[in-house]
Every structure is written in structure tokens, then in C-alpha cells.
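Side chains are part of it too, since the values below use all heavy atoms of this structure and drop only hydrogens, waters and symmetry mates. Indexing begins at 1, ligand by ligand and atom by atom, following the structure's order.
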Amino acid sequence: MSSNATILDGKLLARLLETDLKQRVEKDAAQYGRKPGLAVILVGNNPASQYYVRTKEKVAKRAGLKSFDTRLPEDASFEQVAEAIKSYNQNPEVDGILLQLPVPRHLNSDKLLDLIDPAKDADGLHPHNQGLLMTGKKGVRPCTPLGTVKLLDLALSGVDISQKGVEVSKIPEADLSGKSAVVVGRSILVGKPVSLLLLDRNATVTLAHSRTDDLAAVCKKADIVVAAVGVPGLVKGDWIKPGAIVLDVGINRLPDGSLTGDVEFDEAAKRAAAITPVPGGVGPMTVMMLIYNTYLNYNNAMGKS
Ligand code: NDP
């Protein structure tokens with residue numbers, strides 16, 4: 001069986017959304033006299049975190065945002081990190097605050113995240129914003145789940161983003177009435193919020209996890225499979241129903257240094273209608289959604305929405 005699946009290019013979609021946002025930011029900055037501001041707080045020397053922060057700051061700059069940056073040493077105290085958060089809470093030029101996770105083990109990340117003003121939450125992880133998601137009210141949504149659902153919207157829109165002049169801001173939010181979705185993984189960061197976003201769009205959602213019996217049978221029934229586990233190739237290609245949409249959130253580093261997802265890509269692509277690659281699928285969309293959330297907060301601060 002050869003692959004006919006549409007490859008959902010998250011890198012390209014993120015780039016196109018970035019270009020669209022940049023134009024809006026330029027217009028708004030001229031009108032309101034300031035750009036949206038994103039503040040990033042990085043504690044310690046974790047190389048992966050340093051890489052993610054550099055990437056986020058690069059994208060923010062390209063989209064025309066103003067960047068604020070705080071780097072604290074590995075042994076920074078809770079009070080030092082709290083102080084950085086509080087000062088950004090009070091800074092009127094800052095619309096989004098990102099505390100890069102994980103923080104060193106001696107720091108309580110939940111307590112630190114709670115200190116972020118919910119109106120300046122860029123990650124969508126503040127309990128207030130998680131509550132808005134739970135109750136189906138307007139608010140910033142967690143970045144990875146939001147980026148995942150935007151890739152699903154792309155898949156169902158039939159829009160070919162490789163065409164010149166395509167208007168990505170007009171890709172409609174998909175209505176998933178009558179569709180069944182399986183989310184594998186129930187973390188607060190990815191699995192639970194993705195399932196709520198899908199439910200919000202009227203999908204019939206099954207939230208699977210490590211205690212789920214016969215995961216293969218559960219996946220085989222699904223029109224949409226979201227894998228957010230952290231186990232390379234856990235979701236087998238032959239678990240994918242022909243014509244299903246597969247969104248692979250997993251990022252796993254193999255011993256040879258390469259990255260792979262939670263889904264057996266080659267085999268799944270032979271059956272799926274559309275599938276995200278790893279890397280280059282959900283990852284770049286996550287970064288873009290951080291910038292997008294900061295822009296939403298800016299709009300709210302300006303009384304625009
Ligand atoms: P967590 O470790 O917090 O959660 C993993 C989930 O997978 C848990 O709910 C766990 O179940 C479930 N699980 C583990 N083993 C199995 C199994 N054998 N069968 C079924 N379910 C299983 O991970 P995260 O949600 O934070 O991340 C998941 C993946 O997504 C990782 O690879 C991570 O790197 C990636 N990621 C990617 C991002 C991106 O931008 N693309 C952003 C964030 C994460 P249980 O609850 O029962 O233990």
C-alpha cells in the first residue's frame with residue numbers, strides 16, 4: 001500500500017500564520033503606539049530549554065513583537081523567579097509571560113505559574129485559563145493543544161497551503177459533529193486540553209491513557225487520532241482507520257539523535273487521509289500559538305476584543 005496521505009506541514013502553516021500576524025501587529029502598533037510584548041523567563045542551563053527559548057524569541061521578533069528576557073541561574077530561589085514574574089505582571093508593555101518549563105527541581109513550577117497574571121498568560125496553562133477552557137468560555141488556550149487543533153482545521157478545510165497567496169487566517173474552525181476522536185495521553189499540558197478542544201467542536205472524544213484496555217481497538221474506531229504519550233511508535237500504523245486524520249504530538253529523541261513521534265509514521269501514512277510529521281508538525285505550531293496568545297492578550301489589553 002502506498003501513501004496518499006496529506007502531510008500536514010506545521011512548519012509552513014506556522015510561517016504563514018506568522019506572516020499574517022506580522023501584518024496585523026504592524027497595523028496595531030501604529031494605531032496603539034506600542035507592539036505586543038512577550039517576556040520569557042528561563043531558569044538554569046537546560047540545553048533543550050535554552051534552545052526552545054531561543055526559537056520562541058526568534059519567532060516573536062520575526063512577528064514584530066517586543067521581547068523581554070530574564071535569565072536566572074540554576075540555583076535561583078523561588079523568590080527571585082517570583083520577583084521576575086511579578087515585575088512583568090506590572091509592566092504595561094508586557095502582554096505575554098512565559099516561564100520556560102521544566103524549572104530546576106527545587107522550584108515549585110505550579111506555584112510559580114499561579115503567580116502569572118492570567119491576562120498575561122502566554123502558555124494558557126494558568127488555572128484560571130484552564131478553567132475557562134473547561135467551561136467553554138473565551139480565553140487563551142494551551143499552545144500545543146491549540147496548534148494541534150489548527151492542524152486538524154487545516155486537514156478538514158482541504159486548503160492547500162503550498163499554493164501562493166493562500167489566506168491562512170481564513171481556514172475555518174472545523175465542526176466535528178459525528179466524528180469520533182481518540183486522544184492518547186491525559187496530561188494537563190496536552191492530552192486533557194486537546195480532548196476539551198475537540199469536545200468543544202462537537203467530536204465524540206475518548207481520552208485514552210496507560211490504563212486503557214486494548215488501545216489498538218480504541219484507535220481503530222477513530223476518525224481522528226491524537227497521540228501525546230512520549231513513547232516512540234506506540235501507535236501502530238495498522239491501528240489507523242482508513243481515511244482517519246492523525247495528529248502526532250510526541251517528540252522522542254532516538255539514540256542516533258534523530259527525532260520521532262508516537263505514531264509509526266510510514267505505516268500510518270498508508271492508511272490516513274492526513275498526518276502530521278515529526279519533526280515539522282505540531283512542534284512549530286506550538287511556538288506560533290505562544291505568539292498568537294500574546295497577541296490575543298494584547299488585543300484584550302487594548303480593549304479590542
Ligand atoms: P506526559 O508524560 O505528561 O503524559 C504522557 C501520557 O501518556 C500520560 O497520560 C500517560 O498515561 C500516557 N501513556 C504513557 N504510556 C502509555 C501507554 N503505553 N499507552 C497509553 N498511554 C500511555 O507527557 P506530555 O503530555 O507532556 O507529552 C507527551 C508527548 O508530547 C511527549 O513526547 C512530549 O515530548 C510531547 N510534547 C510535544 C510538544 C510539541 O510542541 N509538539 C509539546 C509538549 C509535549 P497515564 O496518565 O496513565 O500515566
Asks: At less than 4.0 angstrom from any non-hydrogen atom of Val249, what atoms of ligand 1 do you find?
Replies: 30 (O), 35 (C), 36 (N), 37 (C), 41 (N)
Asks: So which heavy atom on Leu101 is nearest to which on Ser49, and how close?
Replies: O-OG, 3.9 Å
Asks: CD of Gln80 to CG of Leu107: how many Å apart, nearest 0.5 Å?
Replies: 9.5 Å
Asks: I'd like to check which ligand 1 atoms, numbered from 1 as shown, lie under 4.0 Å from a non-hydrogen atom of Leu189.
Replies: 26 (O), 43 (C)
Asks: Regarding ligand 1, does Ser210 bring an N or O atom to under 3.5 Å of one of the ligand's N or O atoms?
Replies: yes
Asks: Applying a heavy-atom cut-off of 4.0 Å, say which part of Thr144 lies close to ligand 1: side chain, backbone, both or neither.
Replies: side chain
Asks: Please report the shortest heavy-atom distance between Ala203 and Ala181, naming the atom on each side.
Replies: CB-CB, 4.3 Å
Asks: Would you mind running through ligand 1 and noting each atom that sits below 4.0 Å from a heavy atom of Val190?
Replies: 25 (O), 43 (C), 44 (C)
Asks: Can a salt bridge be assigned to the pair Glu26 and Lys22 using a cut-off of 4.0 Å between side-chain N and carboxylate O?
Replies: yes
Asks: Record the part of Thr286 in heavy-atom contact with ligand 1 below 4.0 Å; permitted values are side chain, backbone, both and neither.
Replies: side chain
Asks: Do Asp20 and Lys170 sit within salt-bridge range, that is, some charged N less than 4.0 Å from a carboxylate O?
Replies: no
Asks: Heavy-atom contact under 4.0 Å between Gly283 and ligand 1?
Replies: yes
Asks: Below 3.5 Å, N or O to N or O, backbone or side chain included: is there any such pair between Ile251 and ligand 1?
Replies: yes
Asks: Quick one: which ligand 1 atoms are inside 4.0 Å of a heavy atom on Asn252?
Replies: 32 (O)
Asks: What atoms of ligand 1 come within less than 4.0 Å of a heavy atom belonging to Val229?
Replies: 5 (C), 7 (O), 13 (N), 14 (C), 15 (N), 16 (C), 22 (C), 28 (C), 29 (C)
Asks: Contact between ligand 1 and Thr212 is defined here as a heavy atom of the residue under 4.0 Å from a ligand atom; is it met?
Replies: no
Asks: Which pair of non-hydrogen atoms, one from Asp121 and one from Val140, has the smallest distance, and what is that distance?
Replies: O-CG2, 3.6 Å
Asks: Do Lys304 and Tyr32 meet the cation-pi criteria used here (NZ or CZ under 6.0 Å from the six-membered ring centre, within 45° of the axis)?
Replies: no
Asks: Below 4.0 Å from ligand 1: does a non-hydrogen atom of Ala228 turn up there or not?
Replies: yes
Asks: Identify, for atom 31 (C) of ligand 1, the protein heavy atom at the shortest distance, and state residue, atom and that distance.
Replies: Gly230 CA, 3.6 Å
Asks: What's the shortest heavy-atom distance between Ile171 and Ile161, and which atoms?
Replies: CD1-CG2, 4.4 Å
Asks: If every non-hydrogen atom of Tyr295 is compared with every non-hydrogen atom of Pro36, which pair is closest and at what distance?
Replies: CD1-CG, 4.1 Å
Asks: At what distance is the nearest protein heavy atom to atom 9 (O) of ligand 1, and which residue and atom is it?
Replies: Arg186 N, 2.8 Å
Asks: Which ligand 1 atoms are under 4.0 Å away from a heavy-atom of Leu234?
Replies: 18 (N), 19 (N)
Asks: What's the shortest heavy-atom distance between Asn91 and Phe68, and which atoms?
Replies: ND2-CE2, 3.9 Å
Asks: I need the nearest protein heavy-atom contact for atom 4 (O) of ligand 1: residue, atom name and distance, please.
Replies: Ser187 CB, 3.8 Å
